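Have a look at the structure below, then the notes.
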Amino acid sequence: VSSEAIDQFVEGDSSADGRSSKFLIAALSGLDRISSADRGEYSDRLGLALNRTSRWTRMIGRAAEVENAALVSILAGLGMQGSSWERMTPLHLYHIVSSLNRVGLRAEARMIAAEAVARG
């Protein structure tokens, strides 16, 4: 995805606190659809801190590393727990989409990414 297209989306984002833009960057990063340089630039610009870690991010990342699709799916479900999409964070979205994508669950990763951006 070109940085020009992303810039247009970010500039036109009317969601609260730019959530749709933050979710877009997290989703595209998780799907490996933007360069690492663009990821870093947008992450800094939007205050995403996608490199931050927690026990959960380390666990889902390790499950993806050893190609354990079942465990990634369970941890993705745990990471999506909440009463509404407002509880989802760009950090969780990034790790969920990235891990699903890495274990071959690309359709599921894209579906979650699209849903998050749409609901922003």
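Treat the numbers as computed from the prediction; the structure is a model and nothing was measured. FYI, the numbering just counts along the sequence from 1.
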Original post:
Under the side chain to side chain contact (heavy atoms under 4.5 Å, CB included) test, which residues partner E67, sequence neighbours left out?
Top reply: none

Rounded to the nearest 0.5 Å, what separation is found between the [atom1] atom of [X] and the [atom2] atom of [Y]?
X	Y	atom1	atom2	value
H95	T89	NE2	OG1	8.5 Å
T57	R62	OG1	CZ	14.0 Å
I6	I34	CD1	CD1	5.0 Å
I60	S54	CD1	OG	10.0 Å

Is the side chain of [X] donor-acceptor paired with the backbone N or O of [Y] at a distance under 3.5 Å, no angle test?
X	Y	answer
S99	A64	no
D13	S21	yes
D17	R19	no

Within a strict 4.5 Å, meaning less than it, do heavy atoms of the [X] and [Y] side chains meet?
X	Y	answer
S15	F23	no
V72	R102	no
R106	L100	no
I112	M80	yes
S73	L105	yes

Original post:
Taking 4.0 angstrom as the limit, do R45 and D38 come out as a salt bridge?
Top reply: no

Original post:
Are M88 and L91 co-members of a hydrophobic cluster defined by side-chain heavy atoms under 4.5 Å apart?
Top reply: no

Subject >> Single-linkage hydrophobic cluster L50~L93, side-chain heavy atoms < 4.5 angstrom >> reply: yes

Original post:
Which of these passes side chain to side chain contact (heavy atoms under 4.5 Å, CB included) with V1: L31, L24, L28?
Top reply: L28

Subject >> Distance-minimising heavy-atom pair for K22 and P90 >> reply: CB-CG, 3.7 Å

Subject >> Over all atoms of both residues, closest heavy-atom pair of A27 and A113 >> reply: CB-CB, 3.5 Å

**OP:** Indicate whether the side chain of Y94 and that of R39 have a donor and an acceptor atom separated by less than 3.5 Å.
**Re:** yes

**OP:** Could you walk me through whether D32 and N101 pass the side-chain contact (heavy atoms from CB on, under 4.5 Å) test, one step at a time?
**Re:** CA-CA 9 Å; D32 289 326; N101 194 43; 4.3 Å; yes

Subject >> Q8 atom CD, over 12 foreign heavy atoms within 6.0 Å >> reply: no

Subject >> Over 12 non-hydrogen atoms of neighbours within 6.0 angstrom of CZ in R58 >> reply: yes

**OP:** Keeping to residues at least two apart or across chains, list the ring pair (Phe, Tyr, Trp, His ring centres under 6.0 Å) pairs with something in residues 38-83.
**Re:** W56-H92

